[in-house]
Structure formats: C-alpha cells, structure tokens
Asker: 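To start, I am sharing the structure in question, which I have written as structure tokens.
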Amino acid sequence: MPTAMSDARVLEAAECAATPTLARRAAYPARAIARAEAPLTAGTDQYMRRAARAVAGACLAELRELRGSVAGSRVLVLVGGGRNGGDALLAGALLARRGARVEARPATDHPHGAALSEARAAGVAVADAPAPSPVLGGAAADLIIDGLTGIGASGPLRPRAAALIAPLIAAGAPGERAFRVLAVDVPSGVGVDDGSLPGPVLAADRTVTFTCPRGAHLLPPAAPLSGRVDVVDLGLPVPTGSEPLASVPDPALLAALLRAPGATDHKYTRGVVGLHAGSEAYPGAAVLAVSGAIRAGVGMARIQAPRRAVDLVLASRPEAVPAIGRCQAIVVGPGTHRADQPRAEELRGALRAALRRGSGEGQWAVIDAGALPLLPDLLGEGLICGPEHVLTPHAGEAAALLSGLGLPATREEVEAAPASAARGLAGATGATVILKAVPALIARPGGGPVLSLDAGPGWLATAGSGDVLAGALGAVLAAVRADRERAEGHQRGELSIGAAGLLLEDAVALAAAASVRLHADAGRLASGQALGRGHEGRPIAALDVADHLSCARQRLRAQALPHDQPASLAETGRN
Ligand SMILES: NC(=O)C1=CN([C@@H]2O[C@H](COP(=O)(O)OP(=O)(O)OC[C@H]3O[C@@H](n4cnc5c(N)ncnc54)[C@H](OP(=O)(O)O)[C@@H]3O)[C@@H](O)[C@H]2O)[C@@H](O)CC1
Ligand SMILES: [K+]
C-alpha cells in the first residue's frame, strides 16, 4: 500500500501529466477496452491505483484553480459498486491525505472493499445512508467526484444513484454552480459507446478517462457533458484490434491540407469555387458564403445569384466574379429555400451537373440548406452521390432528408442518436455528411468511425453562421481538388502535395473536418473565447466569423507536420 509520502510525489507527477487535450484520438467500444486490458488487470488493483492518482491529480488542479489551495477544501465522492467507484474512493483517500475534507456517499451496498477500507483509513467520512444533498456538514462542497458508474454499466442510472445526483443537477450547469464536478472515466449514466442519454446525467466540468476516449466523450448528445477530457495512459493497451466508434482528427493532418501557395501557384492551382448562394429572400447569405470562401483562402470565388444578391456581394467583395465557369468545387444552396421555384430550378440544374451518372467522380460540391430537399428526387432520377459531395444538414434537415429517402426519422430521433443518423444518411446517399451537432460529426459513405469536431463557441449560433461554413468548406474542397488535379498530371509519386495521396473518401472527410475546425476557431477568435478558460466571450455576427477565418487558418497551419504530408490516416481511426 503506498505511503502518504509516496502518494504525494506521484500525485504531483500525475498533475503534470494530466493532458489538457485528447491525447489519444480514437474511441473504442467499452467491451473491446475491457477485453484488451483484462489480461493485465486480472488479480491486481495497481491500475486502479494509477487511475486514482490521475483522478486525484486533476482534482488538485481543479481545487487550486477554484480556491487557491487544497487543504480545507470540501470534496464529495459519489460511489458506485464497481471499479469506477474504487477509482473515486482511492482518489478521495489521496485528497484526504492532502488536507481536503472528504465525504463519500455510496449508491450501493457493495462498494469496492479494499478501496473503501483505504478511504476510511485516510480519513474519508463514509455516509452509509444516502443523503441526496450537495452540502457537507452544512457547508457546500467545492468538488464532486462522480464515481457512480464507468464502462462496466449499462442503461439509465438506477434509482439510488439517480437520487444522489438529482439535487446536484438542479444546482445548474457547469459554470453556473458553486461547485465543480470531476467525472471518473465518464459522466455516470451516459451511453458509454453511443453517447446517448438514457436517463439523468450530472454534467462534469472535467473528465479523467484512461487509455483512449470512449464514444460518450466524442458523440452527441452526451459529449458536451464530459467537459474537458483528459486521456491518461495507465500502461494498458489501446484495443486496436477492433474498429473505433469515432475519432478526433489530428490537427496536423488538417493543417497539411491547407498548404500555403508557392511562387508558381495561380488561381486554379489554389482552387476556384463557384457558389450558388443567396436569394431574393436571403440576399445576405451570398455575401456571407462568398466571404467565407475568400477568407478561408480560395484562389477565386464565382457567384451565381439573383441580381440583388450579386450587387450586394460585389459591393463588399469586389474580387468575386459574378459568373459561374470553370471551378474545382461548387457550393449549392446557402440562403435559398425550396419554395423559391425559379431558384430551386437553377440549383437543381447545378446539382444535375455535379452528381455522378456512372462510376466516375462527379463535380466536388457542398450541398447545403435549400439544396438538400432537392436530393431525393434527383437520386430518384438515377443520379448518384459520391464521397466528393458533402451534405451539411442540421438535425431537422437530416430528419427530412432521411424521411425523403424512405427512412422515416424525426428531428428528435436525430438529436437523440446523431451518429447513427449521420452514418445512415451517408450510407443512403453515398455522400459525405457533416451533421451540425455539438460536437459536429462527419460520416463517410463507406462507413468507419465518424469524425468528431468541436463545433466552436455557442456564440456561433447566429444567423448566417452556416452560410460562412458552407463557403469555407467550398474553398477547402476546391483547394484539395486542385492539389489532386495537379498530382494527377504528374508521374505517380513525383508530386505529393496536400491530400493528393489520400483515398477520395478520406481526402474529402478531412477537408470537411478542416473546414469545421476553421469555422469553430474563427468563432472563438471573433468572440474573444480564444483567450482561454474562463473567458466567456462576446456576441459576434456571421461576417465577424468570416473575417477571422484567415487568422484561424494561419493558427491551424502552425500545427502542420514538418514535411507537410498527411502520410497516414491512422489518427482518423482507420487502421
Ligand atoms: N479494468 C481495470 O482494472 C480498471 C478499471 N478502471 C475503472 O473501472 C471501471 C470499470 O469498472 P467495472 O467493470 O467494475 O464497472 P463499473 O463501470 O464500475 O460499473 C459496474 C458497477 O455499476 C453497477 N451498475 C451497472 N449498471 C448500473 C446502472 N445503470 N446504474 C447504477 N449502477 C449500475 C454494477 O452493479 P451490479 O450489477 O454489480 O449490481 C456494478 O457495481 C472503469 O470505468 C474505470 O473507471 C480503472 O480503474 C482502470 C483499471
Ligand atoms: K463515472
């Protein structure tokens, strides 16, 4: 059993080692994780001790930030009947030895025996009868450690556990309440693999997980409830033998797609995008989409829209070309509505030209907003989507599209299981899908793990924000397509730039991911949230987001790999 002295030293190390980002990027199923670690963890609690040290290290950091010191702080430990509860009890013991006043509330008659004894020996008060209150001996707790359930649980929390968290949930969301919550492995009660919310869940400020993320950290609706996620290496193997559920793309891979122009580049090698955006009803959307494309780094933006929208575009973006012609990608639909018949007819024409008629690659295209409802009829005509066609629905649009394709779904059903909706839509259409959720999800038509992307600050929920994203996405797709055109003109291997060497499906998915990332970062920069934790930011307009795309791109590029090569997609979860 470790002594107080050695605990203190290890704890400091754990505190330094706790990583602020998702160090390992692919989420695997709980069953695969348990199977991979079983040969090492059977008959020993050393890994539980390592887990507890990492949890305690993160708790120390939270308490120091909240109160300035650990001694005298008040910690409430919620304890379930498995090893998740064991982790939490041992972490509570470590904190008690550092001078925190720690109380444990079991939600079970059989907490982990050894961990319970150790916690008691360290001075943790164990309240045998459940007392559903966030107060400790009359004073509010500073920190709650949620160790009710981890990857071994299923279904909604049982009544005794649910009763413990009910008053804590009622105290408000993270940032609004007086205490912080640190979840061990996952916020208890989430669907660990699918990110569902089968019952009540206490939202965490921070989650400490082990070895690799779980689906619940990356998939909505559960993902935002984890708060900041630290992935801690306990010396246990990543279950690489099974297919990941989801993954977070490495920023270096995304940055590599956005190469800086060289001395011999011209508009068409940088990428030209043609936008069918804006309408009489929503003329400003054309300005926003064109601005998004230009600020994201396109070589040239062409615009086709009603005269009023084109005039507005040219007034603010004189570099835009008011005619559709040669381009490497098109954007169809921002600021349009299917009820606008003449405009819908023009969009239909653009889509007919872009979609596949046989097996060959079609015109690379973003299919957004008013263009999405046109798809079922076009597919019914025998036209085909490929990975080079990127659909950008929010939950309501995804539900309507699935229903139009003969897969009835409601908005509520998509919101409850967005990953499965995104996969279903990609499979049914053959297109790449960006589902606008929190986090955003990208599904590939060939299946595989969905990509999970931070959707940026809440300030981005402002009119026109989606038009900016559509324009930026068109710019990145055009650049990637231009790089592939250039590489195709060379001998194999002679020229390898940007996404030239990737499978079509992966190149487009990464381009989509890069665009979502740029949009989110631009929102953070525009709102002032980029200043870091604790800065809630300020209101922004969609044009502010477009204006900050170039700065976001510059920042992302700073993370590029040394040789600019997205050589491997292992980090996106394909293995
Ligand atoms: N492998 C290792 O050595 C390592 C594992 N580690 C840690 O162990 C965790 C996995 O531990 P685990 O397998 O014991 O499962 P766990 O998540 O604690 O849940 C099982 C308990 O929950 C109960 N329960 C079930 N459903 C429930 C519900 N809906 N609502 C309420 N309760 C419910 C169930 O009750 P029972 O069915 O037994 O009555 C049982 O008591 C993992 O997440 C990580 O934190 C780390 O220490 C690293 C090393
Ligand atoms: K937990």
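FYI, the numbering just counts along the sequence from 1. Whatever order the structure lists them in is the order used to number ligands and atoms, beginning at 1.
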Asker: Excluding sequence neighbours, so at least two apart, what forms salt bridge (Lys or Arg N to Asp or Glu O under 4.0 Å) with Arg35?
Answerer: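 Testing Arg35 for salt bridge (Lys or Arg N to Asp or Glu O under 4.0 Å), a comparison that skips the adjacent residues, returns none.
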Asker: Ignoring waters, how many N, O or S atoms from the protein are under 3.4 Å from the K ion (ligand 2)?
Answerer: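 My tally for this metal is 6.
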Asker: Tell me whether Arg31 is salt-bridged to Asp193, with the criterion being a basic N under 4.0 Å from an acidic carboxylate O.
Answerer: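 Looking at Asp193 together with Arg31, the answer is no, because their closest N to O distance does not fall below 4.0 Å.
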Asker: Under 4.0 Å between a side-chain nitrogen and a carboxylate oxygen: does that hold for Glu397 and Lys436?
Answerer: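 Salt bridge between Glu397 and Lys436, a charged N being under 4.0 Å from a carboxylate O: no.
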Asker: Between Asp185 and Arg83 (salt bridge meaning N to carboxylate O under 4.0 Å), is one present in this structure?
Answerer: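 Salt bridge between Asp185 and Arg83, a charged N being under 4.0 Å from a carboxylate O: no.
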Asker: Mind jotting down which protein residues get a heavy-atom contact under 4.0 Å with ligand 1? Chain and number order, please.
Answerer: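 Lining ligand 1: Glu37, Thr41, Tyr47, Met48, Ala51, Gly81, Gly82, Arg83, Asn84, Asp87, His110, Thr149, Gly150, Ile151, Gly152, Ala153, Ser154, Gly155, Pro156, Leu157, Arg158, Asp185, Phe210, Leu234.
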Asker: Do side-chain atoms of Trp459 reach the backbone of Gln529 as a donor and acceptor pair under 3.5 angstrom?
Answerer: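 No, because the side chain of Trp459 does not come within donor-acceptor range (under 3.5 Å) of the backbone of Gln529.
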Asker: Residues in side chain to side chain contact (heavy atoms under 4.5 Å, CB included) with Ala115, at least two apart?
Answerer: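 In terms of side chain to side chain contact (heavy atoms under 4.5 Å, CB included), with neighbours along the sequence ignored, Ala115 is linked to Met48, Leu89, Leu90, His112.
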Asker: Between Arg555 and Asp521, does any side-chain N to carboxylate O distance fall below 4.0 Å?
Answerer: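 No salt bridge links Arg555 with Asp521.
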Asker: Assess the residue pair His217 and Ser452 against the criterion (side chain to side chain donor-acceptor pair (under 3.5 Å)); give the C-alpha distance rounded to whole Å, side-chain angles, the decisive distance to 0.1 Å, and a yes or no.
Answerer: CA-CA 10 Å; His217 301 134; Ser452 170; over 6 Å; no
Asker: Is a salt bridge present between Arg67 and Asp142, judged by a nitrogen-to-oxygen distance below 4.0 Å?
Answerer: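 Answer for the salt bridge query: yes.
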